[in-house]
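Structure first, then comments.
In listed order, ligands and their atoms are each counted from 1. Numbering starts at 1 and runs along the sequence shown.
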Amino acid sequence: MNVPELFASMVFDDRVMKARLSADVYQSLHRTIQGEAALDLRVANAVASAMKDWAVEKGATHFTHWFQPMTGITAEKHDSFITPAPDGRVIMEFSGKELIQGEPDASSFPSGGLRATFEARGYTAWDPTSYAFIKGKTLCIPTAFCSYGGEALDKKTPLLRSMEAINRQALRVLRLFGNTTVNRVTTSVGPEQEYFLVDEKLFHKRPDLLYTGRTLFGAKPPKGQELDDHYFGTIKPRVQAYMEDLNQELWKLGILAKTEHNEVAPAQHELAPIYSSTNIATDHNQLTMEVMRKVARRHGLVCLLHEKPFAGVNGSGKHNNWSLSTDTGVNLLSPGATPHENAQFLLFLVAVIKAVDEYQSLLRLSVATAGNDHRLGANEAPPAVISIFLGDELQAILDSIEHDTEYEGTEKKRIKLGVDALPRFTQDATDRNRTSPFAFTGNKFEFRMVGSGDSIACANIMLNAAVAQSLSELADELEAAEDFHERLSSLIRETICAHKRILFNGNGYDEDWIREATEERGLLNLRTTPDALPMLLDEKNKAMLMGQKVFREAELYSRYEIQLENYCKSVRIEALTMTLMARRLILPALSSFTAQLSSAAAAKQALDKALACGYERKLTLELSRLTDQIDEAAAALAALTERFDTMEDIRAEGDFIRDEILPAMERLRSCCDEAEIRTDSKVWPLPSYGKLLYGVD
Ligand code: ADP
Ligand code: MG
């Protein structure tokens, strides 16, 4: 296999554009991609025609506007290129208009009331900053999706707006530092994606996996992850074959799949790409998840992207590695070598610290889903409380700036900003606190709360917007200052003082930390999705998001509703699935097993009345007791689900799910799991955790 040749072979990227577009069309498209000029129809027509020729040569017959509605997955509606020709035959055509705008009948996508308020139709608009690509026989054109009035109905539109916001504010700051050469500041992301692989045959025997993506029942196997023997372990041949196939498919799509390894839990793995611009990283991550699922089927496997497919072993997340860089190739989160660079680095650093502290709630709610609630705060993933890890050395530098004391690092000195270089600190010292939700890792921040199945868009929208806001406030101060350097020093110090409560270098899993964070530091602990989501409508949050032009007010209300509705619907499906499985699979199996046991006892006693039949009698009684408990718990859950269905207020529905439905599900599960370990494995109607977790070799 020739990887360089294979790579991006299905992407209409810069190389293809250069080769297939005339010089002036290429240049004007390039200006549009850089955000410097609007697109005109003549250029669009030329691009569309070249795209179509290229795609047809590669075997494509259809095109689609590929978009990311609020469902969190991607959507596409295929149209073929065929156009009738006068001679009764067809020709393949694709116009600039079709490239630029689409009008999918989108009335079934969640809009949180937006389309009803404005207009029924939704529009898709080409995003030329993300390359078109071929998937199967379809040319996919990345697009934004909005209503007639321009309200965003998707995740891409606000993401692009948030990138604009941070670009505007970061440029202001750079100009203050005398930089006149940078034209654009972009955020980059490298999302590390965790996933599980299970055998497809077993998957089909589990309605819970099929309908909800996670196991709703299942007793713990004797061996879980306690030996830590899976993490970075040798990759089994079937998994290896899957990974190789997956890499090839991703490479064809121009996705920079780089690292793969086994994760902590049995059957858990990770894939990390090389980072790219946030917009492209988001598109690529959506595609990666889709391709992961598809390729798994070819290998008789199913890829689980749920945040918590199995109780008792780690769930899956997505580490969102985030940085800020200029079009001149400078990473603004990288400590520099000169005093000037260091002062600039420190300003960007404190801007992030300020942003994360002031908009904790937005970061938290950006990752709030029913699935992720099982992960955040369990002893495996960062807690629901947000804090920042800087590492001991960088922390010591900030402490010495704050107190104007000598820094006791490798060199002992007082740091004068803009005069001294920062003491050198080793990057390794900043890494490897796996318990921190938001960790500085040398030249980037790693936001670790994102759920494995979620789009990374929401997290990055909030992060970009919040950092844009704090950069704008810092720039306001500096622009008004008489002495820039003096104000810079005091501003950095003031910002550290004001926001140091968010800095925490200890163990985030510790109970004591949660107490300290909430009681002493006043940090938020928004434990569940219904706790977190209302914060989207908090006045300060709203003002920031609207002020940075990332969301309009109506969009915020609609998103609040959609996300909460999604939470309720997901859990409702789980509750219905549980009731169904308990009643149609588990209870009948238990009932016939106990009948079998008692007839075995009766048969034995017919031989000899004196036989105690302890095993059969005791187990019959125990399982009969559990059978009744399961029946009652299933009935209770069904009754609660019915009550839920009569509710009309979305906020109350969310609270009801959290306070009533989820605990009732837990009760039903625990008696079923207890019954499972007492029942003949041949009779139990569901493949066990042991089989699911250790079944792929
Ligand atoms: P690990 O976390 O396993 O030590 P790395 O930190 O090297 O691995 O990389 C993890 C992810 O971070 C990768 O996807 C990588 O491309 C990404 N990454 C590295 N540098 C940056 C950066 N400057 N901005 C954004 N992402 C980055
Ligand atoms: Mg990492």
Side-chain angles (χ1 to χ4, degrees), residues 7 159 162-163 166-167 170 182 184-195 230-233 235 243 246-247 250-251 253-264 268-289 292 314 316-336 341 344-345 348-349 351-352 355-356 381-382 388-391 394 425-450 452 455-457 459-461 463-464 467 508:
F7 188 80
L159 182 65
S162 76
M163 291 175 74
I166 204 165
N167 170 52
V182 170
R184 198 159 179 86
V185 173
T186 346
T187 55
S188 303
V189 167
E192 302 166 58
Q193 175 74 50
E194 293 180 335
Y195 61 98
H230 193 254
Y231 190 55
F232 282 27
I235 298 171
M243 287 177 169
L246 174 63
N247 281 338
L250 294 176
W251 290 337
L253 292 169
I255 297 172
L256 293 154
K258 172 82 175 166
T259 313
E260 57 201 19
H261 61 78
N262 287 349
E263 258 301 326
V264 173
Q268 192 184 28
H269 313 280
E270 182 184 294
L271 178 134
I274 296 172
Y275 66 99
S276 50
S277 133
T278 309
N279 181 32
I280 291 175
T282 305
D283 284 0
H284 280 181
N285 185 250
Q286 292 298 118
L287 270 177
T288 299
M289 292 194 284
M292 279 177 140
N314 278 6
S316 301
K318 194 135 54 185
H319 289 177
N320 190 80
N321 293 273
W322 178 92
S323 68
L324 199 58
S325 55
T326 67
D327 58 351
T328 51
V330 176
N331 179 349
L332 297 168
L333 294 177
S334 188
E341 285 167 356
Q344 186 179 299
F345 160 71
F348 279 98
L349 181 76
V352 176
V356 174
I388 299 181
F389 170 86
L390 291 180
L394 189 53
F425 61 92
T426 47
Q427 292 207 347
D428 283 348
T430 64
D431 207 351
R432 308 296 163 218
N433 179 325
R434 291 290 162 189
T435 65
S436 176
F438 202 93
F440 183 68
T441 53
N443 59 2
K444 62 186 190 292
F445 279 97
E446 191 167 323
F447 183 36
R448 302 202 177 109
M449 291 170 85
V450 186
S452 51
S455 160
I456 59 170
N460 287 294
I461 293 168
L463 189 51
N464 291 345
V467 175

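Between Pro273 and ligand 1, a contact under 3.5 Å exists for at least one N or O pair. Considering backbone and side-chain N/O atoms, Asn321 comes within less than 3.5 Å of an N/O atom of ligand 1. The shortest N or O to N or O distance between Lys444 and ligand 1 is below 3.5 Å. Looking at Ser323 next to ligand 1, an N or O pair under 3.5 Å apart turns up.
Listed here is the closest heavy atom pair of Gln286 and Ile456: OE1-N, 4.5 Å. Taking all atoms of both residues into account, the shortest heavy-atom contact from Leu324 to Phe348 is CD2-CD2, 3.7 Å. Considering every non-hydrogen atom in both Ser325 and Asn331, the closest pair reads CB-CA, 3.9 Å.
The side chain of Glu192, and not its backbone, has at least one atom closer than 4.0 Å to an atom of ligand 1 (non-hydrogen atoms only; side chain from C-beta on).
Between Thr326 and Leu332, the closest side-chain pair of non-hydrogen atoms falls below 4.5 Å.
Per-residue contacts place Ser188 under 4.0 angstrom from the following atoms of ligand 1 (heavy atoms of the residue considered): 25 (C). For ligand 1, the atoms closer than 4.0 angstrom to any heavy atom of Asn331 are 23 (N). Set against the non-hydrogen atoms of Gly190, the atoms of ligand 1 under 4.0 Å away are 14 (O), 26 (N).
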* To do: Starting from the C-alpha separation in whole Å, work towards a yes-or-no answer on side chain to side chain contact (heavy atoms under 4.5 Å, CB included) for Met163 and Ser277.
  => CA-CA 10 Å; Met163 291 175 74; Ser277 133; 3.8 Å; yes
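Under a 4.0 angstrom heavy-atom cut-off, Ile274 registers as being in contact with ligand 1.
Applying the ring pair (Phe, Tyr, Trp, His ring centres under 6.0 Å) criterion to His230, with sequence neighbours excluded, gives His269. Partners of Phe447 according to the ring pair (Phe, Tyr, Trp, His ring centres under 6.0 Å) rule, which considers only residues two or more places apart in sequence or in another chain, are Phe438.
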